[in-house]
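Accompanying notes for the structure given below.
Note that this is a predicted model, so its numbers are computed, not measured.
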Amino acid sequence: MNIRQPIHSDHAKQLDTAGIREQFLIEDMFQPDAINLTYSHIDRIIVGGAVPTASALALQGGKELGVDFFLERRELGVINIGHPGIITVDGVEYEIGTRQALYVGKGAKDVQFSSVSAESPARFYINSAPAHQTYPTRKIGVEDASVETLGSPENCNVRTINKYLHPSVLPTCQLSMGLTELAPGSLWNTMPCHTHERRMEVYLYFNIQADNLVFHYMGEPQETRHIVVRNEQAVISPSWSIHSGVGTAAYTFIWSMVGENQTFHDMDHVKMSDLK
């Protein structure tokens, strides 16, 4: 498990390109026959990818968690961005298709990931946060999501937000997750931008075609930086940072948040004239 330490905004200002990428960018999450996890000490979120092929992959705790099993004191959210797969939770199988999600509550002891076809594997995107209460495990399909469409063609930011792990859909302790898809011809997400001191966020960018990329903007509003992001890479966004992106073509991203509340529109908006 890769460990990332918290970083102060004053420190982030001093980083060069390599330093920014080392601190905030997560690469190579999706590797065949492996679960690759990154533990961020920013609100103790864990993010990663699982790509099972011929055999199932078990989610295991370790020294980094200091518990007997992974979800002893945590909850879990998973969205499949690959081919159909199966997540088995304490012996119960959940078939998870493309862009479907599963929430697993605190206390589940045995979580395993497998693919329906080894030749066309699932690609499970994993998020986990500390939990104080157990809520029921539940599968969430696209039809179950809370949907919101924002933006306009003239601003190149028409996007559909599918809220999967959200209070309007199901209860969780603190973890929120959703999938945002940009319309063809739209390039911008979350612009005008915002921060939220009460929550941190992680963006997983995917569905980025070959020879395209996304410029993810971060930093304090008057001290912005950018990270060049390619397909199936994620960015850790501290609460003091904006989180916005523009692509060379339309793309999709999964956002996940943990922190003080789950109020989606609890944001500190930043005026375009204040950005530097």
Side-chain angles (χ1 to χ4, degrees), residues 1-12 23-26 37-48 64-65 67 70-79 101-106 125-135 140 145-146 148 150 161-180 189-205 216-221 223-225 227 234-245 253-270:
M1 190 180 297
N2 181 29
I3 304 295
R4 302 286 180 95
Q5 298 294 332
I7 182 167
H8 195 280
S9 56
D10 287 345
H11 180 194
Q23 294 290 335
F24 300 106
L25 182 66
I26 304 174
L37 300 176
T38 295
Y39 185 125
S40 172
H41 281 283
I42 302 174
D43 285 315
R44 299 191 180 276
I45 193 170
I46 295 176
V47 301
E64 296 87 355
L65 301 184
V67 293
F70 193 94
L71 294 180
E72 183 175 330
R73 300 178 63 84
R74 286 182 162 270
E75 59 186 351
L76 181 74
V78 184
I79 297 178
L102 185 72
Y103 171 78
V104 184
K106 180 178 79 74
Y125 178 54
I126 298 167
N127 281 245
S128 177
H132 62 277
Q133 181 173 334
T134 298
Y135 289 110
I140 308 101
S146 175
E148 184 176 1
L150 300 174
I161 303 170
N162 300 279
K163 304 168 188 174
Y164 287 90
L165 273 60
H166 183 268
S168 63
V169 178
L170 81 170
T172 69
C173 289
Q174 63 166 323
L175 180 61
S176 297
M177 291 181 71
L179 183 152
T180 297
N189 78 74
T190 325
M191 184 62 76
C193 61
H194 62 264
T195 61
H196 29 69
E197 283 289 339
R198 295 150 294 280
R199 299 192 303 274
M200 65 85 67
E201 195 159 3
V202 177
Y203 274 20
L204 169 73
Y205 290 96
H216 177 94
Y217 290 93
M218 62 158 295
E220 292 179 296
E223 194 78 38
T224 59
R225 300 290 188 270
I227 302 175
V235 179
I236 299 169
S237 180
S239 58
W240 47 261
S241 177
I242 66 168
H243 34 281
S244 181
F253 67 97
I254 294 172
W255 45 267
S256 51
M257 294 184 285
V258 300
E260 293 292 340
N261 66 36
Q262 295 178 304
T263 305
F264 186 81
H265 291 289
D266 179 18
M267 306 171 185
D268 300 315
H269 295 279
V270 179

Atom pair [atom1] ([X]) and [atom2] ([Y]), whose distance is rounded to the nearest 0.5 Å:
{"X": "Thr172", "Y": "Leu76", "atom1": "OG1", "atom2": "CG", "value": "11.5 Å"}
{"X": "Arg199", "Y": "Ser176", "atom1": "CZ", "atom2": "OG", "value": "7.0 Å"}
{"X": "Asp43", "Y": "Leu175", "atom1": "CG", "atom2": "CG", "value": "11.5 Å"}
{"X": "Lys163", "Y": "Ser146", "atom1": "NZ", "atom2": "OG", "value": "4.5 Å"}
{"X": "Ile236", "Y": "Gln23", "atom1": "CD1", "atom2": "CD", "value": "9.0 Å"}

So, using side-chain contact (heavy atoms from CB on, under 4.5 Å) as the criterion, who are the partners of Ser241 when residues are at least two apart?
Met218, Ser237, Pro238
Give the C-alpha distance, both sets of side-chain angles, the deciding distance and a yes or no for side-chain contact (heavy atoms from CB on, under 4.5 Å) between Tyr164 and Leu170.
CA-CA 8 Å; Tyr164 287 90; Leu170 81 170; over 6 Å; no
Using every non-hydrogen atom in the two residues, find where [X] and [Y] come nearest and quote the distance to one decimal.
{"X": "Thr195", "Y": "Ser239", "value": "CB-O, 3.8 Å"}
{"X": "His8", "Y": "Asp10", "value": "ND1-N, 2.9 Å"}
{"X": "Phe24", "Y": "Ile7", "value": "CZ-CG2, 3.3 Å"}
{"X": "Val67", "Y": "Glu72", "value": "CB-OE1, 3.4 Å"}

Checking Ile140 against Tyr103 for the side-chain contact (heavy atoms from CB on, under 4.5 Å) test, could you report, in this order, the C-alpha distance in whole Å, the side-chain angles of both residues, the deciding distance, and whether it holds?
CA-CA 8 Å; Ile140 308 101; Tyr103 171 78; 4.2 Å; yes
For a side-chain contact (heavy atoms from CB on, under 4.5 Å) with Tyr39, tell me which candidate from Ile46, Ile45, Asn2 qualifies.
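Result: among Ile46, Ile45, Asn2, Ile46 is the only option passing the side-chain contact (heavy atoms from CB on, under 4.5 Å) with Tyr39.
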Evaluation steps, side-chain contact (heavy atoms from CB on, under 4.5 Å), between Tyr125 and Val202
CA-CA 12 Å; Tyr125 178 54; Val202 177; 3.6 Å; yes
So do [Y] and [X] actually touch side chain to side chain, heavy atoms under 4.5 Å?
{"X": "Ile161", "Y": "Leu150", "value": "yes"}
{"X": "Val47", "Y": "Leu204", "value": "no"}
{"X": "Ile26", "Y": "Arg4", "value": "yes"}
{"X": "Arg225", "Y": "Tyr217", "value": "no"}

Partners meeting ring-ring contact (aromatic ring centres under 6.0 Å, His included) with Tyr203 (sequence neighbours left out):
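Expected list: Tyr205, His216, His243, Phe253.
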Can you list the residues that meet the side-chain hydrogen bond (donor to acceptor under 3.5 Å, both in side chains) rule with [X], with sequence neighbours excluded?
{"X": "Lys106", "value": "none"}
{"X": "His41", "value": "Arg44"}
{"X": "Asn189", "value": "Tyr251"}
{"X": "Trp255", "value": "Thr180"}

Enclosure of Arg73 CZ (heavy-atom neighbours >12, cutoff 6.0 Å)
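No, because the 6.0 Å sphere around CZ of Arg73 holds 12 heavy atoms or fewer from other groups.
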For the backbone of [Y] and the side chain of [X], can you confirm whether one donor and one acceptor N or O come within less than 3.5 Å of each other?
{"X": "Asn127", "Y": "Gly77", "value": "no"}
{"X": "Arg74", "Y": "Ser128", "value": "yes"}
{"X": "Ser244", "Y": "Thr190", "value": "yes"}
{"X": "Glu75", "Y": "Gln174", "value": "yes"}

Given Ile242 and Thr224, is the side-chain contact (heavy atoms from CB on, under 4.5 Å) satisfied, shown in steps?
CA-CA 8 Å; Ile242 66 168; Thr224 59; 3.8 Å; yes
